[in-house]
S.K.: 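One structure coming up, written as structure tokens, with questions to follow.
Every chain is numbered from 1, with letters handed out A, B, ... down the list of sequences.
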Number of protein chains: 2
Amino acid sequence: MLRAVCDQFWDAGYTATSLQDLMRVSNLGKGSLYAAFGDKHELFLQVLRRYVASLDRTLRRSIDSAPRAVEALHSFVMMPAGDPDGVAARRGCLLANSTTELAATDPAVAAEARQAYEGMTAVLADGVRSAQAQGDLSASADPVGTARALLAAQQGLTFMGRTGMDVETLAATARSLATELLPTSADHRDSMSPPHDPGVPDRTRC
Amino acid sequence: MLRAVCDQFWDAGYTATSLQDLMRVSNLGKGSLYAAFGDKHELFLQVLRRYVASLDRTLRRSIDSAPRAVEALHSFVMMPAGDPDGVAARRGCLLANSTTELAATDPAVAAEARQAYEGMTAVLADGVRSAQAQGDLSASADPVGTARALLAAQQGLTFMGRTGMDVETLAATARSLATELLPTSADHRDSMSPPHDPGVPDRTRC
DNA sequence: CTTATGGTGGACCAACCGGTCAAGAACAAG
DNA sequence: CTTGTTCTTGACCGGTTGGTCCACCATAAG
């Protein structure tokens with residue numbers, strides 16, 4: 001049921017989602033919603049936290065389980081161009097959408113966003129260190145700096161997807177950014193069969 | 001006066017801006033606003049188009065007037081980290097904010113956004129070609145593809161600024177992305193005095 | 001069966017939304 | 001000054017918002 005609410009907020013945004021919408025998608029009465037969550041804002045925060053937690057878990061697992069960390073980093077950047085049709089791309093990311101909509105005025109959302117992105121930076125930095133240890137990435141690069149660059153690039157791609165850019169162009173741009181920011185990865189991937197491709201994590205659900 | 005309205009939409013977003021807000025910042029009565037612009041939506045579109053036009057003009061001029069195009073490309077990427085305090089960074093870009101807020105549901109805004117970003121891609125691609133002709137960029141790279149990567153990176157940085165990331169970190173990330181995506185520019189800049197630094201275009205006004 | 005209980009739905013509320021419109025202020029022409 | 005025209009104002013409208021609250025009912029204990 002939280003999933004349905006999440007979808008609603010994701011598709012329409014926070015302010016554009018009315019209580020009627022929430023009642024419709026949750027099959028719950030107004031009173032029940034308020035008894036269970038207390039507030040529209042509180043309900044939203046709960047959904048957002050759930051989303052962020054899932055996001056973080058997915059990324060961490062992808063980084064940890066990849067036989068070569070650089071592959072996980074690569075598919076992280078490719079994520080926004082993941083779905084064949086452009087539907088998920090045009091949806092963007094609930095956290096990113098909420099940040100642009102609310103972060104400037106809503107301290108709770110701002111805090112959630114900052115914390116989430118710092119967490120993702122840390123996970124990505126771990127991935128960079130792993131990739132360096134595995135010889136797939138130049139050892140001279142600063143792991144945290146590289147992680148921030150990867151994150152910024154991925155968020156930029158997410159945004160470009162939301163502008164309606166067609167998926168092929170988006171994927172090409174993503175590939176370009178990934179190979180540019182993970183310089184030596186291409187050479188390695190050339191000489192490798194695709195073992196245990198972590199693929200693009202499914203972000204169409206929350 | 002359109003500037004004041006622009007600021008209001010920029011700071012609060014479209015839906016979060018009420019007619020009372022518009023009356024306040026414009027010092028105009030409700031009827032006058034409707035007589036002059038017909039509609040809240042129409043007024044917003046007018047402001048947005050003005051903003052996009054100014055954006056496009058600024059970028060084009062920066063690219064054309066730079067003695068070395070690669071410098072203009074570099075400062076384009078650095079733009080989101082331009083202001084010393086993080087105020088402008090946290091504001092983001094009116095077009096980007098509006099796109100994430102409305103593009104999914106408002107066809108007019110979606111069209112405006114797509115058109116604007118295609119235009120910027122074209123201008124950036126021109127810059128890339130110039131830089132290639134001037135020997136500052138590898139001639140083998142696809143100009144349009146590079147332009148799209150630069151644009152995505154810049155938008156990603158704009159977004160990271162909106163999350164509240166401190167300006168120093170933002171600037172470092174921007175520098176990292178710029179040098180990574182404009183590979184040979186660093187070498188040249190080393191041997192160059194900073195002639196006619198186009199600087200970071202001022203995007204705190206519309 | 002009766003009764004107690006707690007979760008549920010929707011009537012209801014004040015506030016505010018975007019939008020309309022008639023009354024009147026401001027001003028130029030004569 | 002009078003007159004005619006333009007522009008501005010704020011009262012007003014129906015509709016919708018987020019939020020409150022109470023009547024109701026399904027269930028389970030006795």
S.K.: Starting from C1' on C:dG19, measure out to CG on B:L43 and report it in whole angstrom.
M.R.: 14 Å
S.K.: Quick one: which residue pairs count as a ring-ring contact (aromatic ring centres under 6.0 Å, His included) with a foot in residues 153-180 of chain B, not counting sequence neighbours?
M.R.: A:Y117-B:F159
S.K.: Test: ring-ring contact (aromatic ring centres under 6.0 Å, His included). Region: residues 25-49 of chain B. Which pairs qualify, not counting sequence neighbours?
M.R.: B:F9-B:F44, B:Y14-B:F44
S.K.: Over how many whole Å does the gap from B:L19 atom CG to D:dT16 atom P extend?
M.R.: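 Rounded to the whole Å, the gap is 17 Å.
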S.K.: Rounded to whole Å, please give me the gap between CZ in A:F37 and P in C:dG7.
M.R.: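 To the nearest whole Å, that distance equals 14 Å.
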S.K.: Side chain to side chain contact (heavy atoms under 4.5 Å, CB included) with A:R49: which residues, sequence neighbours excluded?
M.R.: A:L45, A:E112
S.K.: How close or far is atom P of D:dG19 from atom NE2 of A:H41, stated in whole angstroms?
M.R.: 10 Å
S.K.: I need the NZ-P distance between B:K40 and D:dG15, as an integer number of Å.
M.R.: 20 Å
S.K.: Specify the separation, in whole Å, of atom CG of A:L22 and atom P of C:dG10.
M.R.: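 For the pair A:L22 CG and C:dG10 P, the rounded distance is 16 Å.
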S.K.: Nearest to the side chain of B:Y34, heavy atoms from C-beta on, is which of C:dG19, C:dC17, D:dT20?
M.R.: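 For B:Y34, the side-chain atoms sit closest to C:dG19.
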S.K.: Do nucleotides 6-12 of chain D as a string where each nucleotide becomes B, S or -: B if the base has a protein heavy atom under 4.0 Å, S if just the sugar-phosphate does, - if no protein is that close.
M.R.: --SBB--
S.K.: So, using salt bridge (charged side-chain N to carboxylate O under 4.0 Å, His left out) as the criterion, who are the partners of A:R60 when residues are at least two apart?
M.R.: A:D56
S.K.: Applying a 4.0 Å non-hydrogen cut-off, can you work out what A:T17 is touching in the nucleic acid: base, sugar-phosphate, or nothing?
M.R.: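 Result for A:T17 = sugar-phosphate.
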S.K.: Rounded to whole Å, how long is the line connecting atom CG of A:D39 with atom C1' of D:dG18?
M.R.: 9 Å
S.K.: Ignoring hydrogens, what is the shortest heavy-atom contact between A:T146 and A:A141? Give both atom names and the distance.
M.R.: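 Here A:T146 and A:A141 meet closest at OG1-CB, 3.7 Å.
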S.K.: Scan for salt bridge (charged side-chain N to carboxylate O under 4.0 Å, His left out) pairs involving residues 11-33 of chain A, sequence neighbours excluded, and state none if there are none.
M.R.: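 Found A:D11-A:R91, A:D21-A:R24.
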